[in-house]
Amino acid sequence: HGLAPLAQGEGPVRYGNVADMLSFINLMSSTSTATLSHLQEEMGVLLRTDMVIKEGRYRIDSDVTLFPWKLVYRNPGSGHIPKGSFGKVHLAQDATTHKRMACKLIPLENFKASDVEIQARFRHENIAELFGVLLWGRTLHLFMEAGEGGSVLEKLESCGPMREFEIIWVAQQVLRGLEYLHGHNIIHHDVKPSNIVLMSDKAVLVDFGLTVQMTGDVYVPRDLRGTEMYMSPELVLCRGHNTKTDVYSLGTSIVHMQTGSPPWVRRYPRSSYPSYLYIIHKKAPPLEDISEDCSPAMKGLLQRAMDRVPSQRSSATELLHEEALHPSRDEQ
Ligand SMILES: Nc1nnc(-c2c[nH]c3ncc(-c4c[nH]c5ccccc45)cc23)o1
């Protein structure tokens, strides 16, 4: 079935580099599910030796254990499994090294190589690192860096609006990740609180299922990508957009972090507005949803991050130099 190369050498699961992982990923997305479902054993490529392969195997429940994510804030019983754009995310732990990871399960029929290609090829401390890809049966398992502090959305739902110094800390990290992606003409397309996850020392962007790398300086979408509330007016118009759309989505995410609600929903209740696309098109930016206690510096940052005109909107690099993100000691 053309799978021979993977069966050679040290077995169907092996250590490799990003190029090996990418060729495995392309093999997966170009081989029929029928062919692959006859495979008896798991197969794949791991990038790190703290995921311990034994006799060419990396078995669920003996070499690695998956847990429904134990929530940081909610009672463990809720068993809440964060859902990505294309799959469920579990907590995973290597049985030998006890290394803890996130593991996203993607059914093979939903899998496209582009889901992980960008995350594999472009690495940055504020982007969830990809540790390995394994096929078990008909499900692809993506092992990644885990944000054990949960997502910013989960923190907001459990602890309410964030204070400005917490928002500054998250915004700086996300903007560094966006500056890196945008520097490679990559649009994330789904920047929002549930796609920002927290570790003890940093915040990282997750879920690259909607990510694209632009070939020119504008990307004309075939379909609407992202989550409505955080969408920029130019994205909604579907006449072409660029990396600035992510900057706008970060702006709306900051509004959500400071008020506890996404923009628009308090003024236009979801019960009466099944879709916000028209509101965004007519009324963006949602400056009235900025919190009353927002500092003047942060308010200025939000105005420049959510400028209606993409060419006038600040870039991630420009926002990183905003005064709001460098409060003097006494302001804190
Ligand atoms: N869609 C997606 N694609 N990749 C990821 C991902 C990579 N590392 C992670 N670490 C934590 C979480 C996570 C999200 N919401 C949560 C709520 C509670 C606890 C943890 C989380 C998600 C990830 O997520």
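It should be emphasised that the depicted structure is a prediction, and the values quoted were computed from it without experimental measurement. Remember, it's 1-based here, ligands and their atoms both numbered in the order they're listed.
Taking 4.0 Å as the cut-off between side-chain N and carboxylate O, Arg313 and Glu318 do not count as a salt-bridged pair.
Set against the non-hydrogen atoms of Ala146, the atoms of ligand 1 under 4.0 Å away are 10 (N). Which parts of ligand 1 touch Met144 is read off a 4.0 Å heavy-atom cut-off, strictly below it: atoms 4 (N), 7 (C).
Considering backbone and side-chain N/O atoms, Glu145 comes within less than 3.5 Å of an N/O atom of ligand 1. Looking at Gly147 next to ligand 1, an N or O pair under 3.5 Å apart turns up. Of the polar atoms of Lys104, at least one N or O is found under 3.5 Å from an N or O of ligand 1, judged by distance alone.
Linking ILVMFWY side-chain heavy atoms closer than 4.5 Å, directly or via other members, places Ile279 and Leu287 in a single hydrophobic cluster.
Here Tyr219 and His241 bring their ring centres to under 6.0 angstrom of each other.
In this structure a side-chain-to-backbone donor-acceptor pair under 3.5 Å is missing from Arg304 to Ser314.
When non-hydrogen atoms are compared, ligand 1 lies under 4.0 Å from the backbone of Asp207 as well as from its side chain. Within the 4.0 Å heavy-atom criterion, the part of Ala102 lying near ligand 1 is the side chain and not the backbone.
Remark: His188 pairs with Phe208 by the ring-ring contact (aromatic ring centres under 6.0 Å, His included) rule, at least two apart or across chains.
A ring-ring contact (aromatic ring centres under 6.0 Å, His included) check over residues 104-140, counting only residues at least two apart or in different chains, returns the pairs Phe122-His184, His124-Tyr180, Trp136-His141.
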